[in-house]
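Reminder, nothing fancy here: chain letters follow the sequence lines and each chain counts from 1. Computed from a predicted structure; not experimentally measured. These numbers come from the heavy atoms of this one structure, side chains and all, not from hydrogens, waters or symmetry mates.
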Number of protein chains: 2
Amino acid sequence: MPLTERQAIRIILAGIRRDPMALLPYGDDAAAIPLGSGAAVLKVDMLVRATDAPRGMTLRQMAMKAVTSTVSDLAAKGVRPMGFLISLALPRGITSSQVRELALGLDEAAGLYGAYILGGDVNEGPDLIIDCAALAWADPGRLTPRNGARPGDIIATTGPYGNPPAALRLVQEQLMVELPDPVVEGLKRILYEPRAHLEEGVALAGIASASIDSSDGLAWSLHEIARMSRVKAVLTEIPISPEAIQFAEKTGIDPLNLALYGGEEYNLIATINAARWAEALDRVEAAGGTLHKIGYIAEGRGVYLEEQGEVRMIEPRGWEHLRSR
Amino acid sequence: MPLTERQAIRIILAGIRRDPMALLPYGDDAAAIPLGSGAAVLKVDMLVRATDAPRGMTLRQMAMKAVTSTVSDLAAKGVRPMGFLISLALPRGITSSQVRELALGLDEAAGLYGAYILGGDVNEGPDLIIDCAALAWADPGRLTPRNGARPGDIIATTGPYGNPPAALRLVQEQLMVELPDPVVEGLKRILYEPRAHLEEGVALAGIASASIDSSDGLAWSLHEIARMSRVKAVLTEIPISPEAIQFAEKTGIDPLNLALYGGEEYNLIATINAARWAEALDRVEAAGGTLHKIGYIAEGRGVYLEEQGEVRMIEPRGWEHLRSR
């Protein structure tokens, strides 16, 4: 049995000393330590082409995705990137114009999130690997952890679900589905060109009690919030994108499965004290985003879905890497 | 013609916008930006097993080397790491105990340099890759750049040269050389268990005018200082380790070539205003290190060696990755 990534993480966490000054628990989306009068927030995220880049993704899109997935985790903590360092493993035979395309994609993504590429490291490697490190600076009291959800909190998210897993079936399994071109384009857009919900995350800093992004799938991410906060998460409605619903109708795939066990949407999932809901909504809308109420936090453990008076348990299944599909 | 790493870096630097707030020039050993009342210094360094880990190196040693090479670049800038984030690509089939060995090596190295592993990312990958990101915090006025060397400065280094390239010939090319065991052990020690000269680098902060580590080889590193500072570097003596001299005698290899074009010693190479030489020496010795005068900076360009009244030019050849040997 090969080790899963999550098993490897547990072994590593068991083998290292913990920094007693850490401001976020180990296992949260980013690391934070006191620095000067504030907190330095650090995040690394590695994109490995074979497992993280779906078929048909361009080098520019891979470079942008590497930056976006790093920023998405900072967004979930409520902080804005100040700069990026990029480590690249480049396969033999990569051309000048391909390297240039990577550089332009990295720079475009950094600019999208208001920061610069500050430096990096370049190596020869067996496959294209883009490892993105980001630094942010925060008021330590306004970092949004994974473990702060409290019974009574509203669960909210910043966008609809289902497009990336549907698009993945189209491009990866070459599934033939008769859908209008704009629907196919809509499905593929988030798969190839995801965007971090940075403004929404920053707008929720100091308001949300807990937050995570949905890159590992809605079900998995809610299980993380519930497990780390020692509470129960109850979903009451799940916003599914119109494109994913059309895809589901044509293919007979349950749209709820696409929404719950997909991933890579890079939506934020936040829990918010009910008394601050109106403020949260105002702030996110003022930042140009949207916030959908999708459930509530209760005493207990686990993740559940309430639907037409029925309650069912949602398994902690998540996004798996492409290779294992 | 495959691209070299240095060509790829040039293409990337041509494709990205520069942060106007950057406190070190792009292309220096680390990046630095203003943060609060000081400067955040960031460094990433990627170890790819196939090209960076010599034959016979254990997983613990690879993990330690990944951290050490990152710290060495911070040491060259005169700053101390506050914490590390580690991105790992793990090949299929890696076992729990191998992952544990990596974790223990990472933690041991972090502890050696007075800091903690703060977090990271774990992925499946085609080869073992350990990408280490480090954060430091500095007084912006005390960062030691590569480009500050001035005519009249003394060139100094923190240790002797020649062991890693000699050891590499023993382990990589399986060269049979009759040498006493302690000599072989001495040669291999720096190859397998290099240590960053962190205390020396911190002791020289605010004194050295320029600094770099010798991981790409003494010749290459001096060319970097000379090129970026727009000066000439003249070597007058090169400390070669006694083990490397014995190895050279037995093999007929020129010890000067081992010292100049080897690399991976992780010595620091610093330039120091002659008026501050005594202070530099005192500080480094108080920090438990040694400082050897090896030459001087003059008007001009390039790198030269003065030997018995003769002056010869030193080529900008450097350390090449193992695979291309």
So what's closer than 4.5 Å to chain B heavy atoms on [X]: side chain, backbone, both or neither?
X     : answer
A/M21 : neither
A/I33 : side chain
A/L88 : both

For a 4.5 angstrom cut-off between non-hydrogen side-chain atoms, does [X] reach [Y]?
X      : Y      : answer
A/D216 : A/E264 : no
B/D73  : B/I212 : no
B/P165 : B/E265 : yes

Residues of residues 34-44 of chain A contacting chain B, heavy-atom criterion under 4.5 Å, by residue number: A/P34, A/L35, A/G36, A/A40, A/L42, A/K43, A/V44
Candidate pair A/D45 and A/S69, rule side-chain hydrogen bond (donor to acceptor under 3.5 Å, both in side chains), full reasoning: CA-CA 7 Å; A/D45 200 277; A/S69 59; 3.0 Å; yes
In terms of heavy-atom pairs under 4.5 Å, which option from B/I117, B/L104, B/I86 contacts chain A the most? B/I117
Quick check on the interface: out of B/G119, B/A8, B/A30, who has the most heavy-atom pairs with chain A under 4.5 Å? B/A8
Contact origin within [X] toward chain A - heavy atom pairs under 4.5 Å:
X      : result
B/R10  : neither
B/A32  : neither
B/A133 : side chain
B/L47  : neither

For the OH atom of A/Y192 and the OG1 atom of A/T58, what is their distance to the nearest 0.5 Å? 9.5 Å
When you compare the side chains of [X] and [Y], does any donor N or O come within less than 3.5 Å of an acceptor on the partner?
X      : Y      : value
B/N147 : B/S229 : no
A/Y113 : A/T68  : yes
A/D131 : B/S87  : yes

Show, in sequence, the C-alpha distance, side-chain angles and deciding distance for B/E224 and B/R146, and conclude whether the salt bridge (Lys or Arg N to Asp or Glu O under 4.0 Å) test is met. CA-CA 7 Å; B/E224 280 296 298; B/R146 281 189 184 181; 2.8 Å; yes
So among A/I225, A/T144, A/I269, which one has a side-chain contact (heavy atoms from CB on, under 4.5 Å) with A/S211? A/T144
Looking at A/D19, A/I11, A/L90, A/I12, which one has more heavy-atom pairs under 4.5 Å with chain B than the rest? A/D19
Which is it for A/T4 and A/Q7 under the side chain to side chain contact (heavy atoms under 4.5 Å, CB included) test, yes or no, and what are the steps along the way? CA-CA 5 Å; A/T4 67; A/Q7 288 169 325; 3.3 Å; yes
